[in-house]
Amino acid sequence: MTDQNAKQLVSDFSLAYGRQRSAIRELFEYGKMKAREVGSASIFDFSIGNPSVPPPRQIEEAFFSLLKESNPLTLHGYTSAPGDLEVRKAIVGQINREYGCAYDENSIYVTCGASAALTITFRALSITGERNEFITLAPYFPEYLCYVEGNGAKLIVVPPKFPDFGISIEGIEAAITPATRGIILNSPNNPTGRVYTTEELKALGDLLHRKARDIGRPIYIVSDEPYRELVYDGVVTPFIPNIYRNTIVCYSYSKAFSMPGERIGYALVHPEANAARDICDAIAGSARSLGYVCAPSLIQRVVKLCVDVKPDLASYDLNRQAMYEGLTEVGYNCVKPEGAFYMFVEAPGGNAQAFSDYARLNYNLLIVPSESFACPGYLRISYCVSLERIKSSLPLFDMCLKSFKRDNKMK
Ligand code: PLP
């Protein structure tokens, strides 16, 4: 068989997504390659959201005690497809205590991180044989495109709301059609650091109730929450299902527990959501069809022992202050993030790709241009690196801005 024939046997979608790297991962891989050449001390990698703060002490203790004390056959065996029963009870118990809800163990499906939770939720909400649309707000986490399109649905992107990157109610209203199945929200937001307020969420809830009546079917919020606990200056992340019950929370322990490589999170359906039982079953069926049954057993059990543990916010907050003050002092413009660990900075000169390339090639500063977030003209700086790294990068950011302006004859 020729390569040409063989090519026709693989899906165009998978081929395209397999070959196109994300802008974030492209820079991350470049950083690793370049570090082998010039040494990692010379590379300032602000590309990916890999936490630098070590996992809370309790996580490590849980790993050790489980490995020492548990029956290895149980510990490393398959769990129930939606997650071990005791693990699910522990997670919903924590949510119920913290947010005053009444979830039970059947409301939750434990997954390999938020990515899997999102993917199976999009599949679960899509109706076979129909056009299915999911709406998100720019700037958005670029992987949504792949998760939504991989399920045969369409991602509809609402333009950014300037200057505060809040929820564009008018934009969402204009984007809703009879094919709308869900609105993807991410708060605290990657890349802007924005945390949506209760007022904004109530206004969105009112709109969705009204529009659902118009189109004759529910519109769900798919709430992507890997950064739920990472908030600063006393900001609280509103728990969206308490405002709009047709919400499916897609949570991840990747960031709060600094263990993104362990792959653990969940999808959570409000028990009083429209068709809640059917959605839970569809999530289970979607997970099954995508091969996501039974998230890694050891990590599930670690989570069970640590559900009440909180992340070390102080370290990220120090990073946030240092980065924000350091950048704005030398002339960069950005809104101070309220949550997550990203800074969304206006690209000097307006061309984000050009500035990102310039910073990379001249100063080994790896910062992500915002084109793939559907919000051109910005740079995303992931500040979950060590504080020392941030401090030593600031003179480079300063020189980079000055020389970029000089080379491009900017004021
Ligand atoms: N959603 C957002 C907004 C993210 O930033 C990330 C990871 O960076 C994910 C989802 C995926 O998270 P996970 O590691 O849990 O799959």
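Numbers here are sequence positions counted from 1. Both counts, for ligands and for their atoms, begin at 1 and track the order of listing.
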Ring centre gap for Phe355 and Phe404 strictly below 6.0 Å: yes
Tell me, yes or no, whether the heavy-atom count around Arg25 atom CZ, taken from other residues, nucleotides or ligands under 6.0 Å, exceeds 12. no
Side-chain ion pair, Glu130 and Arg181, N-O less than 4.0 Å: yes
Charged N to carboxylate O below 4.0 Å: is that the case for Asp281 and Arg277? yes
Under 3.5 Å, side chain of Ser52 to main-chain N/O of Cys384, donor-acceptor pair present? yes
Could you go through ligand 1 and note, for every N or O atom, any protein N or O atom closer than 3.5 angstrom, writing the atom names and distance to 0.1 Å, or 'none'?
| from | atom 1 | to | atom 2 | distance (Å) |
| --- | --- | --- | --- | --- |
| ligand 1 | 1 (N) | Asp224 | OD1 | 3.4 |
| ligand 1 | 1 (N) | Asp224 | OD2 | 2.6 |
| ligand 1 | 5 (O) | Asn190 | ND2 | 2.8 |
| ligand 1 | 5 (O) | Tyr227 | OH | 2.6 |
| ligand 1 | 8 (O) | Tyr227 | OH | 3.4 |
| ligand 1 | 8 (O) | Lys255 | NZ | 2.9 |
| ligand 1 | 14 (O) | Ser254 | OG | 2.9 |
| ligand 1 | 14 (O) | Arg263 | NH1 | 2.9 |
| ligand 1 | 15 (O) | Ala114 | N | 2.7 |
| ligand 1 | 15 (O) | Ser252 | OG | 2.6 |
| ligand 1 | 15 (O) | Ser254 | OG | 3.1 |
| ligand 1 | 16 (O) | Ala114 | N | 3.4 |
| ligand 1 | 16 (O) | Ser115 | N | 3.0 |
| ligand 1 | 16 (O) | Ser115 | OG | 2.3 |
| ligand 1 | 16 (O) | Arg263 | NH2 | 2.7 |

Atom pair CG (Asn132) and CG (Leu125), whose distance is rounded to the nearest 0.5 Å: 9.0 Å
